[in-house]
Amino acid sequence: MDVLDRKIINLLQAGFPLSEEPYLEVARQLGIEERELLERLSNLLDENTLSRFGPMYDAQKLGGAFSLVAVRVPEDDFDKVTEIVNSYPEVAHNYKRDHDYNMWYVLATDSPEKIAEVNSDIEKKIGMKVFNMPKLEEYYIGLRLPV
Amino acid sequence: MDMKVKYRLPSLPKQAVLDEQDQALITLIQTGLPLTPTPYADLAKQLNLDEKEVIQRIKNLNETKVIKRFGVVVRHHELGYRANAMTVWDIPDETVSELGLCMGQFDFVTLCYRRPRRLPDWPYNLFTMIHGKDRDDVLANIQLLAERCHLDEIGHKVLFSTRRFKQRGAIYR
């Protein structure tokens, strides 16, 4: 990744024009050819530096639901529990963190009711209490970092 | 680190009114926008709409915040932000919104949510995701947050991730 790639990413983290030839517009802002912008974006996506180029949706507005869930898993059971939890398609992320609450997974479902259903199913299967911590208020979701 | 210019006021999620064509558009672009000189015209062709209508519909999705952001979605790790910590704070309910908005201004804070406490087990009600080049950088950023937002008296815990098991983008419908 070179200086121009970084410039492209920083500019496009801020948004994208809604016009007939949006890439041309962005390319002009960067002082490059449209073709070069398209090639570089395509490379950044191919090499997985960017995960996506497009919209980031608010799942709740689409009728879906998200929740963060914490579990205190004994170290010896960790792998076994991970396997069970990750087998659910509703589990979008799962991180091990260095705390007493060491498993943190995110559920993404198509309805809020489904969150409780999946969690109670998981509780039964792993034989441990899970702590559901849905978002109550959002103060900022940026996911924008200067690169 | 730069401060962001504006506070964004929190709002409770509400259901947007979407028709079938919105749904089709949402599904079509969820994996990405076409990398062609006229992406909206190309989408329009696939949806049997005209280009102006596609642009107007995306504009509406932006305005109703169904689309939170439109642009590149980066992989932090690949871009040199190799460390992140979920940092959780136990903040009195009366001041949690004010302090949440303060923390949300910093560009190394990528998520800032209020969540329910789970007493007596879990007292923390504000969750922030703090990024940095490495662990020391993350800790320095947390220190900076504590100073700027006056959090010295606020109990907090820093939870570094040690393993990542699964990461997928949510797919809708």
Side-chain angles (χ1 to χ4, degrees), chain A residues 1 9 12-16 18-24 34 38 41-42 45 48-64 66 68 70 82 86 91-99 101 104 108 110 131 133-147, chain B residues 8 10 13 15-16 26 29-33 35 37-41 51 55 58-59 65-76 78-81 86 97 100-101 103-104 107 109-116 118 121-122 131 157 159-170 172:
Chain A
M1 202 169 59
I9 293 171
L12 293 184
Q13 282 195 91
F16 192 64
L18 285 165
S19 59
E20 287 176 17
E21 296 177 286
Y23 294 104
L24 184 64
E34 180 187 38
L38 287 169
L41 274 175
S42 163
L45 288 163
N48 261 331
T49 305
L50 299 178
S51 65
R52 217 149 28 88
F53 178 64
M56 186 186 284
Y57 296 122
D58 182 338
Q60 286 171 320
K61 297 220 168 154
L62 295 175
F66 274 122
L68 178 69
T82 300
N86 288 359
V91 174
H93 314 274
N94 188 358
Y95 283 85
K96 185 177 190 187
R97 297 191 178 276
D98 54 0
H99 187 267
Y101 286 81
W104 292 83
D110 51 20
F131 292 82
M133 303 185 194
K135 174 172 81 184
L136 299 178
E137 262 187 295
E138 176 170 321
Y139 300 109
Y140 182 74
I141 171 182
L143 294 172
R144 281 173 59 179
L145 291 165
V147 301
Chain B
R8 181 181 298 187
Q15 202 80 15
I26 286 167
I29 59 177
Q30 70 180 341
T31 50
L33 205 65
L35 291 173
T38 53
Y40 305 117
E51 183 182 27
I55 290 176
I58 295 177
K59 209 175 267 175
K65 302 266 166 68
V66 171
I67 294 178
K68 291 190 193 187
R69 211 159 64 67
F70 196 76
V72 294
V73 181
V74 303
R75 286 185 191 274
H76 299 134
E78 277 70 10
L79 289 168
Y81 287 86
M86 185 175 79
S97 292
L101 287 167
M103 292 192 218
D107 58 12
V109 177
T110 55
L111 297 170
C112 189
Y113 294 150
R114 185 164 72 82
R115 298 183 185 276
R118 293 296 179 216
D121 304 270
W122 183 263
H131 292 261
K157 280 268 182 288
L159 283 74
F160 281 105
S161 65
T162 51
R163 273 163 81 189
R164 180 177 81 180
F165 300 104
K166 207 175 175 182
Q167 191 170 28
R168 66 160 169 89
Y172 307 105

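Chain letters run A, B, ... following the sequence lines, proteins first, then strands; residues in each count from 1. Just so it is clear, the model here is predicted, and its values are computed rather than measured.
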*Please work out which of the three classes, parallel, tilted or perpendicular, describes the rings of A:F16 and A:F53, given edges at 30° and 60°.*
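Taking A:F16 first and then A:F53, their aromatic rings stand perpendicular (interplane angle over 60°).
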*When the ring planes of B:W122 and A:H99 are compared, do they come out parallel, tilted or perpendicular, using 30° and 60° as the limits?*
perpendicular
*Is it true that the side chains of A:E21 and A:Y23 contain a donor and an acceptor less than 3.5 Å apart?*
no
Side chain / backbone / both / neither for [X] at chain B, heavy atoms under 4.5 Å:
X     : answer
A:L68 : both
A:E20 : both
A:D98 : both
A:L18 : both
A:T49 : both

*asked:* Does any backbone or side-chain atom of B:M103 lie under 4.5 Å from a heavy atom of chain A? Answer side chain, backbone, both or neither.
replied: neither
_Proximal component of B:F160, with respect to chain A [non-hydrogen, under 4.5 Å]_ = both
*List the steps and the verdict of ring pair (Phe, Tyr, Trp, His ring centres under 6.0 Å) for B:Y113 and A:Y139.*
CA-CA 6 Å; B:Y113 294 150; A:Y139 300 109; 8.6 Å; no
*Go through A:G15, A:S19, A:A70, A:S42 and name the one with the most non-hydrogen pairs under 4.5 angstrom from chain B.*
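That would be A:S19.
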*B:I26 versus B:I67: any side-chain heavy-atom pair under 4.5 Å?*
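No, too far: nothing below the 4.5 Å cut-off.
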*Closest contact, heavy atoms only, B:V72 versus B:R69*: O-NH2, 3.2 Å
